[in-house]
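The next block holds one structure in the form of structure tokens; read it before the comments.
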Amino acid sequence: MVESGRGPVPGGVSGAGAAGPVGAVTADVEWVYQPVEVHFADGDWALGRISAWWRDAAGTRWCRLRVARSGRPARWEPFDEARVVLLPAGGL
């Protein structure tokens, strides 16, 4: 199911305290359920989920990412296809 809604709050926090997507209040968000595999700098990886996509005025694609069993809430961050691998959401 895909819904349209309002974007993240301006000045929200993303990642390790970095500024989140600014000016997103008027942007549309595409709500999704997208399983992912997240690769970390130390070579470790974990399963996760993207629950929304959003594109800022500069064209940067953001995702609302939650890493399974991390204890951290979902957060907005720029999508990095080298670090976050999209997995099939349905049958193969």
Side-chain angles (χ1 to χ4, degrees):
M1 179 173 155
V2 176
E3 298 178 18
S4 181
R6 291 311 211 192
V9 179
V13 175
S14 171
V22 176
V25 171
T26 60
D28 285 331
V29 172
E30 178 185 359
W31 297 97
V32 298
Y33 179 85
Q34 177 65 59
V36 295
E37 186 176 286
V38 182
H39 295 258
F40 301 104
D42 64 2
D44 203 9
W45 63 275
L47 293 175
R49 169 174 62 94
I50 291 175
S51 58
W53 292 105
W54 172 74
R55 192 174 299 273
D56 65 17
T60 303
R61 190 173 186 200
W62 290 74
C63 62
R64 188 168 188 269
L65 177 66
R66 177 175 298 216
V67 178
R69 300 182 190 172
S70 69
R72 297 175 64 179
R75 65 191 184 281
W76 286 99
E77 61 180 61
F79 179 65
D80 178 3
E81 62 187 31
R83 190 178 77 85
V84 179
V85 178
L86 302 178
L87 299 174
L92 296 176

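The hydrophobic cluster containing Leu87 does not contain Phe40, counting ILVMFWY residues as joined when their side-chain heavy atoms lie under 4.5 angstrom apart, directly or transitively. Hydrophobic clustering of Ile, Leu, Val, Met, Phe, Trp and Tyr side chains at less than 4.5 Å, counting indirect connections, unites Val38 with Leu86.
Between Trp62 and Trp54, the ring planes lie tilted relative to each other; the angle falls in the 30° to 60° range.
Considering all non-hydrogen atoms of both residues, Val32 and Ala52 come closest at CG2-N, 3.9 Å. Residues Arg55 and Arg61 come closest through the heavy atom pair NH2-CD, 3.7 Å.
Side-chain atoms of Trp45 and Val85, non-hydrogen and from C-beta on, never get closer than 4.5 Å to each other.
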Walk me through it: do Arg64 and Trp31 pass the test side-chain contact (heavy atoms from CB on, under 4.5 Å)? CA-CA 9 Å; Arg64 188 168 188 269; Trp31 297 97; 4.2 Å; yes

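Test Arg49, Glu77, Arg75, Gln34 against Cys63 for side chain to side chain contact (heavy atoms under 4.5 Å, CB included) and you get one pass: Glu77.
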